[in-house]
Novice: 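Right, I'll just put the structure down here and ask away after.
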Amino acid sequence: MMTNHKDRSRTVNIDIQKDLFGANENAAKLNADIFKKHDIVAIDIMGSVGTGKTQLIESLCEHLQDKYRILMLAGDLATTIDADRVASHGVDTLQINTGTACHLDARMVRVALQKVNLADYQVVFIENVGNLICPAGYSLGVDKKVVVVSITEGPYMIRKHPLTIKHADIVIINKIDLTNVLEFDIDALEADIREVDATIPVFRVSSKTGEGIDKLIEALNL
Ligand code: MG
Ligand code: ZN
């Protein structure tokens with residue numbers, strides 16, 4: 001019997017990017033439901049290596065740990081260095097070693113959340129993998145996405161990574177205690193942020209001295 005190959009041979013074009021992001025968005029919605037069910041405020045903290053994400057979380061925990069039961073999820077290719085630092089403050093931590101992945105995705109976060117008793121926590125800080133590029137594109141199901149830039153990275157971080165700002169809810173300019181030493185023009189950096197997003201909240205913070213942390217906490221609704 002002859003087969004009509006024209007009918008049997010079919011093609012489907014998969015837009016890998018779209019498919020990947022679509023699946024992640026669904027997983028992120030599940031995470032958001034889980035956080036909501038447990039009345040948890042979840043914050044995703046993104047930024048390059050060395051911007052002070054861990055120190056920021058340490059400072060936030062110092063200010064908040066009498067008020068809330070906090071869990072920190074730390075995303076890293078390897079090592080538990082960051083998680084250990086935060087744990088030394090008496091905060092529960094869970095390391096997500098991503099192996100080769102340069103960002104956390106929603107599924108990784110869900111797998112991690114299955115390892116803990118969420119009824120024990122009210123706030124979850126997620127330190128994303130140190131990288132200013134792709135973490136912004138992956139929703140994790142959090143309440144707020146925070147981008148940390150610091151004045152030690154030089155003046156062009158925002159101009160080189162405008163998309164990150166577009167995906168963020170809050171921008172932090174960290175390490176302002178070094179402004180004078182480095183003769184850094186913070187106003188110019190903030191102007192670059194404003195160029196991408198005219199209304200996004202920007203906070204100038206020193207995680208080291210605690211300057212600006214209270215205002216940030218207010219903005220996080222904590
Ligand atoms: Mg870190
Ligand atoms: Zn990545």
Side-chain angles (χ1 to χ4, degrees), residues 15-25 27-28 31 42-65 70-112 123-142 144-153 157 160-168 170-178 203 205-210 213 216 220:
D15 181 339
I16 290 180
Q17 283 291 81
K18 203 174 151 195
D19 193 54
L20 208 69
F21 283 120
N24 188 70
E25 286 302 321
N31 290 352
I43 315 283
D44 178 12
I45 297 179
M46 306 175 291
S48 310
V49 174
T51 49
K53 298 185 295 301
T54 311
Q55 196 172 41
L56 178 74
I57 292 172
E58 288 180 274
S59 184
L60 286 169
C61 288
E62 271 174 28
H63 282 74
L64 293 168
Q65 68 188 138
I70 301 171
L71 172 69
M72 180 229 197
L73 299 183
D76 257 312
L77 301 184
T79 82
T80 58
I81 294 168
D82 292 350
D84 293 346
R85 271 174 61 189
V86 174
S88 75
H89 295 261
V91 173
D92 287 354
T93 64
L94 186 64
Q95 180 70 40
I96 307 173
N97 281 332
T98 58
T100 56
C102 45
H103 56 266
L104 291 175
D105 66 29
R107 189 189 53 83
M108 294 178 202
V109 169
R110 195 167 72 252
V111 169
V123 175
V124 174
F125 290 122
I126 303 173
E127 180 174 341
N128 219 310
V129 181
N131 162 10
L132 199 58
I133 301 165
C134 48
Y138 288 84
S139 305
L140 303 181
V142 296
K144 288 209 158 62
K145 277 174 107 64
V146 174
V147 171
V148 184
V149 292
S150 85
I151 66 173
T152 53
E153 299 169 284
M157 284 309 281
K160 288 180 180 177
H161 305 96
L163 274 179
T164 301
I165 303 298
K166 284 192 178 148
H167 284 105
I170 289 175
V171 184
I172 292 167
I173 302 175
N174 199 14
K175 306 191 188 179
I176 57 166
D177 50 294
L178 298 174
F203 293 92
V205 165
S206 167
S207 304
K208 194 175 168 192
T209 66
I213 293 286
L216 171 63
L220 295 172

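The chain is numbered in sequence order, starting from 1. Heavy-atom basis, side chains included; hydrogens, waters and symmetry copies ignored. Quick caveat, the model's predicted, so the values are computed rather than measured. Both counts, for ligands and for their atoms, begin at 1 and track the order of listing.
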Novice: Could you check which N/O/S atom of Glu127 is closest to the Mg ion (ligand 1)?
Specialist: OE2
Novice: Tell me the closest heavy-atom pair linking Ala28 and Leu140, and the distance in Å.
Specialist: CB-C, 3.9 Å
Novice: Which N/O/S atom belongs to His103 and is the closest one to the Zn ion (ligand 2)?
Specialist: ND1
Novice: Of all the N, O or S atoms in Asp82, which has the shortest distance to the Mg ion (ligand 1)?
Specialist: OD2
Novice: Would you call Val146 and Leu220 a side-chain contact if the rule is heavy atoms closer than 4.5 Å?
Specialist: yes
Novice: Please identify which of these residues, Leu60, Val86, Leu64, Ile57, meets the side chain to side chain contact (heavy atoms under 4.5 Å, CB included) condition with Ile70.
Specialist: Leu64
Novice: Given SG of Cys134 on one side and SG of Cys102 on the other, what angle do they make at the Zn ion (ligand 2), to 10°?
Specialist: 110°
Novice: Please confirm if an N, O or S atom belonging to Gln55, backbone or side chain, lies less than 2.8 Å from the Mg ion (ligand 1).
Specialist: no
Novice: Kindly say whether Asn97 contributes a backbone atom to a donor-acceptor pair with the side chain of Asp76 at under 3.5 angstrom?
Specialist: no
Novice: Mark yes or no for whether Ser206, through its side chain, and Thr209, through its backbone, hold a donor-acceptor pair below 3.5 Å.
Specialist: yes
